[in-house]
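Below: the structure, in structure tokens.
Both ligands and their constituent atoms are indexed starting at 1 by order of listing. Throughout, numbering of the chain's residues begins at 1 and tracks the sequence.
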Amino acid sequence: MTVYRYPRPAPSEITPRHLFLSRRKMIASAAMGVVAAGVSPYSALAAEAGQIDGRGWPAPDKPTSLNDITHYNNFYEFGTDKSDPEALSGDFVSRPWRVQVDGLVDHPKVWDIDELIRQFGQQDRLYRMRCVEAWSMVIPWNGFELGALLRAVSPKSEARYVAFTSVVRPEQMPGQRGGAFSLTWPYTEGLRLDEAMHPLTILATGVYGQTMPAQNGAPVRLVVPWKYGFKGIKSITRITLTDRQPPASWNVMAPNEYGFYANVNPAVDHPRWSQASEQIIGQGSLFYTARKPTQLFNGYAEQVSGLYKGMDLNKDF
Ligand SMILES: Nc1nc2c(c(=O)[nH]1)N[C@H]1C(S)=C(S)[C@@H](COP(=O)(O)O)O[C@H]1N2
Ligand SMILES: [Mo]
């Protein structure tokens with residue numbers, strides 16, 4: 001049995017810088033080809049999503065196909081291969097589902113998932129998603145601001161962090177049954193309260209207008225678009241306000257490789273690979289891998305850099 005300890009991008013996914021630069025020219029000419037071929041069916045969606053909140057958030061790139069979004073996943077509770085979450089989640093039951101919100105709040109509450117959606121509604125948010133393994137997608141999520149939920153439970157003044165917990169169901173999640181993998185269950189994550197309250201931070205309950213597929217974190221998962229994908233904890237059962245930094249699965253397992261903040265930053269390399277560029281899932285061909293330069297805070301710096309004023313991003317990575 002193979003023991004997978006960390007996300008390991010295939011060597012083909014990590015491109016030396018000189019190749020990356022020459023490939024950019026090929027990507028540019030390929031992109032011209034797409035434009036010449038006509039308007040993509042999703043460009044209208046992209047334009048619309050860019051206008052939805054009217055806050056001038058960065059214009060997103062072309063959305064990744066639903067097929068790629070639902071067949072190339074990281075969800076280790078179902079297995080460590082990218083195809084495992086789609087292939088092995090057939091037994092997963094995501095309704096009925098309860099989400100417990102508690103800790104340092106005045107009004108703790110347990111919500112039924114459909115009650116949660118009815119109360120907080122569904123917005124469209126087209127966001128970039130950058131995995132720490134140096135690949136990326138552009139995903140049209142449906143969901144609501146986490147801040148709206150947190151305001152509803154009234155955080156106490158001592159609350160400084162938000163802790164998130166994923167479901168534990170070994171009988172429905174083959175990756176949780178035995179094996180030698182070194183993540184422990186439940187998968188956990190955390191945010192500082194001000195990060196959690198930021199209007200870009202959402203709880204997503206759907207993708208492309210359809211109910212969240214199991215492999216993407218049904219029925220509800222976190223999306224923090226300026227952080228590496230592993231912060232986006234899936235299949236959440238509990239949200240707890242605390243006064244101390246909560247444990248986060250990857251950070252606990254290998255703190256030198258996966259920081260608590262995990263802000264996307266092309267200048268801070270992973271100890272084992274560069275973070276300067278990323279593979280664009282769904283683009284490229286048999287002959288070349290489509291890549292683009294990685295942006296600080298994944299392109300959302302204007303919206304979020306204020307959260308980290310005075311912090312050393314090399315140290316608090
Ligand atoms: N519970 C749980 N949440 C998780 C993961 C996981 O293994 N378990 N993987 C994370 C990682 S590494 C990434 S990149 C994203 C992937 O989300 P997607 O498959 O919907 O694109 O989910 C994150 N959330
Ligand atoms: Mo990831």
Practice task
Assess E189 for proximity to ligand 1: is some non-hydrogen atom of it under 4.0 Å away?
Solution key: no
Fill in the blank from the handout: In terms of heavy-atom contacts, S235 and R221 come closest through N-CB, 4.2 Å
Exercise for the section: Please determine if K234 has a nitrogen or oxygen closer than 3.5 Å to a nitrogen or oxygen of ligand 1. Expected result: yes
Exercise for the section: Could you tell me whether K231 sits above the aromatic face of F260, with NZ or CZ closer than 6.0 angstrom to the six-membered ring centre and within 45 degrees of the axis? Expected result: yes
Problem - N216, any N or O under 3.5 Å of ligand 1 N or O - result: yes
Practice task
Would you mind finding which of Y76, F164, Y187, Y228 brings a heavy atom closest to atom 10 (C) of ligand 1?
Solution key: Y187
Completion exercise
From the list T188, L183, V132, side chain to side chain contact (heavy atoms under 4.5 Å, CB included) with W250 holds only for L183
Handout entry: Atoms of ligand 1, numbered as shown, that sit under 4.0 Å from any heavy atom of S166
Key = 1 (N)
Problem - Residue pairs, two or more places apart or on separate chains, that pass side-chain hydrogen bond (donor to acceptor under 3.5 Å, both in side chains) and touch residues 159-178 - result: R169-Q172
Handout entry: ligand 1 contact on E133 by region, counting heavy-atom pairs under 4.0 Å
Key = neither
Exercise for the section: Indicate yes or no: does an N/O atom of W250 lie under 3.5 Å from an N/O atom of ligand 1? Expected result: no
Fill in the blank from the handout: Going by the 4.0 angstrom heavy-atom rule, the piece of F75 near ligand 1 is both
Practice task
Please identify which atoms of ligand 1 are closer than 4.0 Å to at least one heavy atom of I233.
Solution key: 3 (N), 24 (N)
Handout entry: Atoms of ligand 1 close to M129 [distance to a heavy atom under 4.0 angstrom, numbered from 1]
Key = 21 (O)
Exercise for the section: For G232 and ligand 1, answer yes if some heavy atom of the residue is under 4.0 Å from a ligand atom, otherwise no. Expected result: yes
Practice task
Can you label the angle between the F230 ring and the Y258 ring as parallel, tilted or perpendicular, going by 30° and 60°?
Solution key: perpendicular
Problem - Ion pair E278/R291, N-O distance below 4.0 Å - result: no
Practice task
Pick one of side chain, backbone, both or neither for how K231 approaches ligand 1, counting any non-hydrogen atom pair under 4.0 Å.
Solution key: neither
Handout entry: CG-CG distance between N265 and N314, expressed to the nearest 0.5 angstrom
Key = 7.0 Å
Practice task
Fit a plane to each ring of F75 and F78, take the angle between them on a 0 to 90° scale, and name the class: parallel (under 30°), tilted (30 to 60°) or perpendicular (over 60°).
Solution key: perpendicular
Completion exercise
Under 4.0 Å between heavy atoms, the region of E77 that gets near ligand 1 turns out to be side chain
Exercise for the section: Using side chain to side chain contact (heavy atoms under 4.5 Å, CB included) as the criterion, list what pairs up with S83, not counting sequence neighbours. Expected result: D81
Handout entry: Atoms in ligand 1 flagged as close to C131, the criterion being non-hydrogen separation under 4.0 Å
Key = 14 (S)
